[in-house]
Amino acid sequence: MQAVTIEPQTPTLPPFTALVAAWNEGENLEAHIRSFRALRWPGAQLVLCAGGKDGTYQRALALAGDDVIVLEQKPGMGKQRALREALKHARHDLIFLTDADCLYDRQSLEALLGPLAEGRYQAATGGSRPLTRQAGNALAEYQGARDARYFDQAGPDSAGLLGRNAALTREALRQAGDLSEDVATGTDYHLAKKLLEAGIKIAYVKESRVESEYPDTLASYLSRQRRWIKNLAVHDPRKNRPELLKSAGLAVGSLLGPVGLLFALNGLTVLLCAPFMLAMASRYRDLIYAAGVGEALSLKTYLAVPYFTLLDQIAVLGAWWDLRDPKRRTRW
């Protein structure tokens, strides 16, 4: 029997280079590379700077090829330096930034790269959605639903970059410093800030939403949320530190009622629950919106909203605490 040759699909856009810093991502790496190659995008290149104690580098090496370049990420390098090393090996003018726990898909990439290839923008960002395998996980569905409303209502220009779904030209990167500054945390926020300072607008492409592994445990969710919130204040203290202090105050106010109910049920404690109820109502609106645009949400996701609302308040207070501690302030 004669073998059938599958020809690469012809993309509507020029080739791109994807830069990925992969640290302790051994479990996700194979699926990430497989989805990249499944694009069958002629000329596309993936540069991985991989490392960690779980054998991420060794697994990446086993999958390396002309289309997938693998560099070793040493302990202590951090994401920014790893991306800087990967950039040195980029072949193309279009650069795509994503994470090792994300999957590539043609529709999202074509939408994201379109404004750059057409010359309308030099930088663009999109959104994300939970991995298909995370369907039914209440915490992942909750985050995905909230993101769906946020992403749908954003644009056309963005004040930031989503590090797992962003694209820019080599010239834009050059004007923003080529990732030359060492940044301990919040690399995407820092890059967006440098782009805007250079006068480079960032397009928001709502049609581009990559699959990404969302935190699906209490510890991973709180860790990411408090880091993201803290990063806003670290990289733009004049604007965001007062906002974080205000949010921390609101979080304390929101928690007074539920904590008070643990000790007494009376008119005062019920009244003190009003801020928490308002926060909870806001989150239910997000879920209702997401369901209305086709997001599949399980019943347990709706039932868990009070618990997730509580976690969100704790994350804000955790971010405020981290910001006060110099050792925690720059911790990933």
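None of the values given here were measured: they were computed from a predicted structure.
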May I have the step-by-step check of salt bridge (charged side-chain N to carboxylate O under 4.0 Å, His left out) for K79 and D99, ending in yes or no? CA-CA 10 Å; K79 185 175 183 179; D99 292 336; 3.1 Å; yes
Given side-chain contact (heavy atoms from CB on, under 4.5 Å), test D105 with E211 step by step and report yes or no. CA-CA 8 Å; D105 72 271; E211 278 195 53; 5.9 Å; no
In sequence, state the C-alpha distance, the side-chain angles, and the governing distance for E295 and R209, and then conclude on salt bridge (charged side-chain N to carboxylate O under 4.0 Å, His left out). CA-CA 13 Å; E295 297 286 332; R209 290 181 62 193; 3.5 Å; yes
Steps toward side-chain contact (heavy atoms from CB on, under 4.5 Å) verdict (V252, Q313): CA-CA 8 Å; V252 171; Q313 312 313 309; over 6 Å; no
Dump the intermediate steps for salt bridge (charged side-chain N to carboxylate O under 4.0 Å, His left out) on E25 and R59, then the final yes or no. CA-CA 10 Å; E25 292 286 358; R59 294 188 189 191; over 6 Å; no
Steps toward side-chain contact (heavy atoms from CB on, under 4.5 Å) verdict (L87, R170): CA-CA 9 Å; L87 179 61; R170 289 294 296 270; 3.8 Å; yes
Checking V47 against V68 for the side-chain contact (heavy atoms from CB on, under 4.5 Å) test, could you report, in this order, the C-alpha distance in whole Å, the side-chain angles of both residues, the deciding distance, and whether it holds? CA-CA 6 Å; V47 185; V68 177; over 6 Å; no
Might you work through the salt bridge (charged side-chain N to carboxylate O under 4.0 Å, His left out) test for E181 and K194, ending with a clear yes or no? CA-CA 10 Å; E181 296 181 46; K194 299 297 289 185; 3.0 Å; yes
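Salt bridge D66/R91: present, at least one basic N to carboxylate O contact under 4.0 Å. A salt bridge does not link D178 with R84: every distance from a Lys NZ or Arg NE/NH1/NH2 to an Asp or Glu carboxylate oxygen is 4.0 Å or more.
The two residues T125 and N165 come nearest to each other via the heavy atoms OG1-O, 3.0 Å. When all heavy atoms are compared, the tightest approach of C273 to G257 is SG-C, 3.5 Å. The shortest heavy-atom contact between L162 and G126 is CD2-O, 3.4 Å.
Between Y189 and W228, the ring centre distance reaches or exceeds 6.0 Å.
Contact check for D157 versus Y204: no side-chain heavy atoms found under the 4.5 Å cut-off.
A side-chain donor from one of Q45 and T17 sits under 3.5 Å from a side-chain acceptor of the other. No side-chain donor from either of N240 and E243 sits under 3.5 Å from a side-chain acceptor of the other. A donor atom on one side chain and an acceptor atom on the other are not found under 3.5 Å apart for N24 and T56. Inspection of the Y142 and D286 side chains reveals no N or O donor paired with an N or O acceptor under 3.5 Å. Side chain to side chain, D312 and Y221 meet the donor-acceptor criterion of an N or O pair below 3.5 Å. Using modelled atom types and a 3.5 Å distance limit, the side chains of T217 and S220 yield a donor-acceptor pair. Side-chain polar atoms of R224 and Q143 form a donor-acceptor pair below 3.5 angstrom. A donor atom on one side chain and an acceptor atom on the other are not found under 3.5 Å apart for D93 and T169.
Under the 4.5 Å side-chain heavy-atom criterion for grouping Ile, Leu, Val, Met, Phe, Trp and Tyr, V270 is not connected to L256 through any hydrophobic cluster. Under a hydrophobic-cluster definition in which Ile, Leu, Val, Met, Phe, Trp and Tyr are linked whenever side-chain heavy atoms come within less than 4.5 Å, directly or via other members, L63 and L46 are assigned to the same cluster. Transitive grouping of hydrophobic side chains (ILVMFWY, heavy atoms separated by less than 4.5 Å) brings L48 and Y104 into a common cluster. No chain of hydrophobic side-chain contacts below 4.5 Å, direct or via other Ile, Leu, Val, Met, Phe, Trp or Tyr residues, connects L103 to L29. Under the 4.5 Å side-chain heavy-atom criterion for Ile, Leu, Val, Met, Phe, Trp and Tyr, L83 and F36 are members of distinct hydrophobic clusters.
Under the side-chain hydrogen bond (donor to acceptor under 3.5 Å, both in side chains) criterion, Y214 pairs with S128, D147, not counting sequence neighbours.
Using cut-offs of 30° and 60° for the angle between ring planes, the Y302 and Y284 rings count as parallel.
A cation-pi contact links R324 to W320, judged by a cut-off of 6.0 Å to the six-membered ring centre and 45° from its axis.
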